[in-house]
Structure formats: structure tokens, C-alpha cells
Amino acid sequence: MFSKFLTVVVIIFLSLISYGQKEGMALIKGGQYIPLYGTDSNIVKVQDFYIDQYPVTNAEYVKFLEDNPKWRKSNVIALYADGNYLRHFKDDLNLKDGELENAPMTNVSYFAAKKYCECQGKRLPTLDEWEYVGMADEKDADARTKDEYNKFILSWYEKPNSYNQEVGSTFENYWGVYDMHGLVWEWTQDFNSVLISGESRSDVDGGNDLFCGGAALGSSDLMNYAAFMRYAFRGSVKANYSIRNLGFRCAKSIN
Amino acid sequence: MQFIKNLLILALRDNTLCLVLYRNLKTNMMIDSQIKRKLRSLASLSLLVGAVSFSSCSGGSDQKSGISKTNPEDIKVVSEMVAELTAPPFVPKSTADRAATKLIVDMEIIEETGTMASGVEYVYWTFGGTVPGSFIRTKVGDEVEFHLKNHPDNKLPHNIDLHAVTGPGGGAVSSFVAPGHEIVFQFKTLKPGLYVYHCATAPVGMHIANGMYGLILVEPEEGLPPVDKEYYVMQGDFYTKGKYGEAGLQPFDMQKAIDEEADYVVFNGSVGALSGDDALTAKVGETVRIYFGNGGPNLVSSFHVIGEIFDRVTVEGGSLVNENVQTTLVPAGGAAMVEFKVDVPGELVLVDHSIFRAFNKGALGILNVTGPENKQIYSGTIQEGIYLPEGGTIQSMPVEDDQPAKEAVEMTKAEKMEMGKKLYGSTCFACHQANGEGIENAFPPLANADYLNEDVDRAIDIVLRGKSGEITVNGKKYNSVMTAQNLTDEEVAAVMTYIYNSWGNNGTEVTTEMVKKVRK
């Protein structure tokens, strides 16, 4: 009887360990939130999931290239990656001088990022998951109403060339995740599911669900400006684009 | 009669004015048959007018210039050329000598760190690497093939809204482009005028506030009348975390932008972009045309050139021409062309006549005119108090009372020189000029100046308390007013050390202690 109990306890304990400590990943406790584009009736629910603590680095991606020759610059199919793919590599497997091994991997297409995660037994985070994790600052799971948090993000969006820094050089957030803001943009699984047209001014028209809240953009609502820019960026890209300031990290569902 | 009527119908088909005449004619015929003779003369008059208008249907002529005009939409384009793009303050050459063409515009968007003012850096987002962006010169009927390239190192998507475009978003809809990509769209220039272009990606205000604007000129078919000098100047307001002059890399302040509290209002993207070596130039007798735009994002400009009257202003960049204008109002997202002949040598000062912007926020540029004097037009005598340029610090009129001294930590001479240079640039430069040369008869020189070098305490006193009345500097009399400068003891020590150690002066190092003594 006791041993049975012990076994149960051990099993629970072990599962807790594996639950909380995936290699290099942080457990994100699910919840619900109203995203930028939503209204009260449009609450997003997020299940528990894991997400990489850091963006995928150059070094990690090189390893992927070693194992998967068809994703090397000279082999990749144009349909899956445009001409800027691996632009910071001098050849198939080596970075250009001055590029840091431990900097976030960029110049990578959606297809390549997706494949990378699959090869790790993971997947790209969904847009809703990414935004959910991105709401956190050091202390709070949802810091979106804090001025300082929004100012930090806005000032990063303005700063050119922040990509060539080591991962982990920005703050660790509430979930133990680094660099959600401050280094590079990141691909999400459904990056283009929220459509922002090229003409962002007409997006605020009442006729557009996306920004029916847009017209109410108040003077204190810096949060919306930061998020606007993120959504605008996502709206401008296509899946075969490779961009100097766009990297990725992987996520994993809990089964 | 019927014959005449038919002829009239034929001749007048597309002419409203004549149709009115014709209708009158018809009415007259029905009402009163007794005025047939009168009618006939009217009809023949109409026929005459009609004949002229008839010819206008097949190419026609412009009454003023006699140059042929076609509906811009119908202008056929046969050739192709790459547009010359110029960085401010210059403009590409006139289109008068060429026919409408397919014009290929290659524009690259670059996000980069630049200098807002001496010691102040700012991250600009630019069309073509400059603020304002490259000047685009087109003419009516051109088919512009616009290649918008977003540099791969850029962080943000951008687009372009050209006010010269007829179509959704002024091109913004079709030009949304991610970093590392290029987008191509095409438009036909239909209406002559001077137009603003700008980025319209969310948040629109922020993109404009960071410098994403420029001008596109659509010339009439015959081109604009030739002038001697053409320049491109554009005003913009900037919002920084630190206040005016605060050193270092200054981030954009969204809250100040929303509140419309500009820290900088400048011409061509930075304080001093049009002064010193970068001042505009012209010779006496030349006619100058300035293509003046206002990028905003918030403020309306009261554009004025101190010492000139605009001979002609193309109001709001459209078809209305005003003459003999002192100050022209240029809305945010608007433009104007101003033309004036410069008659006498000297420095003309471009300002936003919302004048604190000029002397405290940077909206000031210089046009240097060289050539022979013309005493009849301008005697050269300057009366005290007519006009008083000020420096960038807060000022008060000359005072006698003491002010409490602040705690001081003496800086090294090198530190004083560095700080002094910045202070000079923001406080003294407007009157005493970039190299201390002053302005003859108005503001005494500081360079190699006997009055300055004779007595350091007197000089300190003038900075602290101001000075009015006649003084003689290097053998020339000056009778002007200098306001008391609201500077700390350290700042006075720094700026005076800088002055004493520049431009051939005697090298005195002014200490905070010396300033304190004089202040007491």
C-alpha cells in the first residue's frame, strides 16, 4: 500500500520535473487575454505550452544545416527561401566575420524556421501564444498597461541593428523567457492570420474588425503603438522572406 | 438661319461658354423674331468663338502661353529615363527641355543614426538617406515607375504616400514593403504642383516624426520659369526624450508627439543643416526659388525669410500665385514655392516666424548673398531694437540684481571647451555667428576682438547681465542690445573659455570662481 503510494508520488514528482523543466524551455501557464486586435467578445484562450527560453542562435542553426544539407544556402529551393536567406553566412556553413555564434539566427524564412523546429520535435509558437508570452515584463505576466514596458519596446523598434547581440542580453521575463523584445522580430506559426493592409490608416475604419478599437486609440495608449508595429511588420512579410531582423524560437504543446 | 444653327451645334459641341450663348440665341429666337439682325450678329460672334474652341478640341492652344496643352491623361509616353534624385538642399534639373516620359524612380529606405544638433544624436528613418528624402522632379503626363526598396538591415516595414498620386492611399496601399524587399508601382502625374510624400505605415505619426517625408514636384508641360538658384528646404518637428540640446542619443518620445510638444523644429532634419558651410548661397541680382515643404508631423509653418519679401509665392504648391508676400503659411503635409530676387549682399535668415521655434528649437537657416552693395536699397545702418535674434537658452533683459550662485565643480579645460562649443552653438551663434565673426554694424565680433581680450571681468559681466549702448570693437562702433543670458556659472565659464580659446583670442581660461566673483 505504502509502496504503491510512493510510486504514485514518484510518478507525480517525475512528471512535475519533466513538466517544469524541458531542456531550455519555459513552461507557460495558459490563460486568456484580449489581444490588440480583439474586443471583449474576442478573448483569446491559450493552453499550457512550452516555449524556448532564448531565440534560436546562429550556432544552433549551423548544426541544423550540417544535418540537413537541403536547407543550405546553395541547395535551398527558392520557393522556400528568398535571395536574402542566410545573407550573413559567407558560405553554406560558416558565418561572415563579425557575426556572433551566440546571436539570434536571422535571415531565415518561415519555411526554414518551421522545419528547424520540427527537426527538434517542436513547432513554431502560434501568434496568440507568442503575444501571450510577450505581454510579460520581469514581474508581471501582463505588463501591457505599464508605461515603462511599452516605452522599452517602442525604443527598441526604433533602434537599428540590434540583431548582432548575444541571446539573453535583454531581460528575463515573468515566465523565465528572454529576448521577447529587444533583439529581433520572431516568426510565428500563423504570422499572417491577422491582416494589416499596406494602408494602415484605413485599417482603423469601423468596417474593419481588426481595428474597431483603433478609432479609440487614446493618448495614453502607447501599448497599441508598440503592438501596431509588430502586427504591421507581420503583415508585410511573406513566408519565403528572409530578413536581417527576423529570427524565431520554437514551442511545444503539452500532451 | 438653320444653316447657322447647325454650324453652331457643330462648332460649339464641347464648349460650355458658347453653349450658353447658343441657348440664349435659341431662346431669343423663340421669344422675339424682331431682333433677327441682332441675333445674326450674335450668332456670327458665337461662330467665331466656336471656331476657336473647335480648334482646341484637336490639340488647341493655351490663351496665355500659346503652348499646346493636352489632357494629362492623354499624354502619350514614348521614352524612358531614370529619375535624377537629389539630396536636400539641392533639386534636380528642370524638365522643361524634355517631353513627358516613363520615369523610373529608385528610392531606398534607410534607418540610421544621425546628428540632430551638436552633441545630440537621433535615429532617423529616411527616404534615400536624408531628411527630408530625395527630391523627385517630374512633369505633367509622366508615368512614374516607382521602385521602393527597404534596406535589408532595416527593422520595420514602410510604404510611401505621395500626395501627387491620384489613387488609394496615394500609393501607400501598393507600396507596403518589408525589410530586404523591393516593391514597384506606377502612377501618372496629372496635376502640376509641389507635393509632399511621406511614409504611412502604422503608427503613421511616428514614421513621419522620424523623418520620413520629402517633396515631389510635378512641373507644368512647359516647365517652371527658369530662375538662377533653386533650393529644397523642408521643415519638420521632432520629439525627443531629452529636452532641446540634451546630449547623447535621444530616443523618440511618443507622448510628447501626441501632446504636440516639439523639442526641435528644424529645416532639413537637424539644427544648423543650413548654416556655416552648409548655408545656401546666391549672388546679388539672382532670383532664388525655394521649394519649401512641411513634413510636420504636427506643426504648421509660418515660413519667412528675414530681410526679403517673396516676389512670388505659389500658395500651397498649387496654381494660385500670390505676390509680395512677407510670410507664407505652409501646412503640415503641404508645400509652397517661394521666389525672390536678392538685391543686396548679406545674410538672409530663413525662419519659422513662430519665432521661438527659430531661436530656441532650431528652425533657422542662412542664405548667404554675395556681391556689390546697393546703398539705395539698403543703407547698411541698423537701428537698435528693430530686430533681435536670440540664442537658444532662456533669456531676460539686462538686470542689475544678483542671482544666487549654484554649487560648482570645476571642469577641466578640455571639458569646458567641449561644453562651451555646444553652448555657443545653441546660445551665441545666432548673433555672433559660427566663427565669432559677428555681423557688421549689428553684432560685434568675438573673433580676435580687442574689446573681449582687454577685460575678462567686463566680458563675464556682459554675459551675466547683458549690455546695451555704444561700444567700440576692433575700431568699429556697435550700438545694440545683448540680453542677459540665463546660464549657470559653470556654463558661463565653459562658453567663455571656449570663446577665449578660439578664433585668435588670448587663451584666457575662465573659471567658475571668476564668474561667481563677477556675479556678486
Side-chain angles (χ1 to χ4, degrees), chain A residues 36 82-85 87-88 106-107 109 147 150-164 183-185 196-204 210-211 214 217-238 240-246, chain B residues 109-114 121-126 148 150-161 167-183 185 198-207 209-211 240-241 249-260:
Chain A
L36 160 77
D82 70 6
N84 286 330
Y85 180 63
R87 206 170 64 95
H88 62 303
T106 62
N107 286 325
S109 70
D147 271 2
N150 289 295
K151 277 183 184 157
F152 172 81
I153 297 177
L154 269 179
S155 74
W156 167 59
Y157 290 170
E158 284 199 289
K159 227 169 277 163
N161 306 344
S162 55
Y163 48 79
N164 203 16
L183 278 193
V184 291
W185 307 101
I196 287 196
S197 74
E199 171 57 312
S200 43
R201 291 163 298 179
S202 63
D203 289 336
V204 298
L210 175 55
F211 285 126
L217 209 72
S219 64
S220 63
D221 243 345
L222 293 182
M223 141 187 159
N224 282 347
Y225 278 98
F228 257 128
M229 295 172 83
R230 214 154 51 233
Y231 283 93
F233 181 87
R234 290 181 186 130
S236 78
V237 299
K238 293 184 180 145
N240 67 334
Y241 281 16
S242 305
I243 294 176
R244 181 76 252 213
N245 283 293
L246 176 57
Chain B
I109 295 165
I110 303 166
E111 300 164 3
E112 61 186 355
T113 306
E121 291 193 312
Y122 190 77
V123 177
Y124 293 96
W125 301 347
T126 71
L148 188 65
N150 194 348
H151 193 278
D153 286 349
N154 289 350
K155 191 169 271 166
L156 296 161
H158 297 284
N159 63 8
I160 193 166
D161 167 350
V173 178
S174 331
S175 63
F176 193 41
V177 59
H181 289 82
E182 172 181 346
I183 212 148
F185 66 103
H198 63 90
C199 182
T201 301
V204 181
M206 183 174 177
H207 283 253
N210 283 339
T240 55
K241 195 166 182 204
L249 179 65
Q250 291 295 331
F252 167 70
D253 190 313
M254 178 68 93
Q255 194 59 54
K256 281 184 183 173
I258 292 168
D259 296 341
E260 306 195 4

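Heavy-atom basis, side chains included; hydrogens, waters and symmetry copies ignored.
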Verify side chain to side chain donor-acceptor pair (under 3.5 Å) between B:T201 and B:N159, making sure each step is shown before the conclusion.
CA-CA 6 Å; B:T201 301; B:N159 63 8; 3.1 Å; yes
Counting only non-hydrogen atoms closer than 4.5 Å, does B:Y124 touch chain A with its backbone (N, CA, C, O), its side chain (CB onward), both, or neither?
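No part of B:Y124 comes within 4.5 Å of chain A.
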Measuring heavy-atom distances to chain B, does A:S162 have an atom under 4.5 Å in its side chain, in its backbone, in both, or in neither?
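The answer is both parts of A:S162.
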Under 4.5 Å, counting heavy-atom pairs only, tell me which of [options] racks up the most with chain A.
{"options": "B:S175, B:P203, B:P251", "result": "B:P203"}
{"options": "B:V123, B:D153, B:N150", "result": "B:D153"}
{"options": "B:E112, B:M206, B:K241, B:K155", "result": "B:K155"}

Taking the side chain as everything from C-beta on, heavy atoms only, tell me whether A:F233 gets closer than 4.5 Å to A:I243.
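A side-chain contact under 4.5 Å exists here.
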Do A:R234 and A:Y231 form a cation-pi contact, if we require the NZ or CZ to be under 6.0 Å from the six-membered ring centre and within 45 degrees of the ring's axis?
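Yes, A:R234 sits over the ring of A:Y231.
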Give me each pair satisfying salt bridge (Lys or Arg N to Asp or Glu O under 4.0 Å) with a member in residues 170-179 of chain B, each pair once, sequence neighbours excluded.
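Applying salt bridge (Lys or Arg N to Asp or Glu O under 4.0 Å) to every pair that reaches into residues 170-179 of chain B, excluding sequence neighbours, yields nothing.
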Those residues that, when tested against A:D82, pass salt bridge (charged side-chain N to carboxylate O under 4.0 Å, His left out) (two or more places apart):
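Not a single residue meets the salt bridge (charged side-chain N to carboxylate O under 4.0 Å, His left out) criterion with A:D82.
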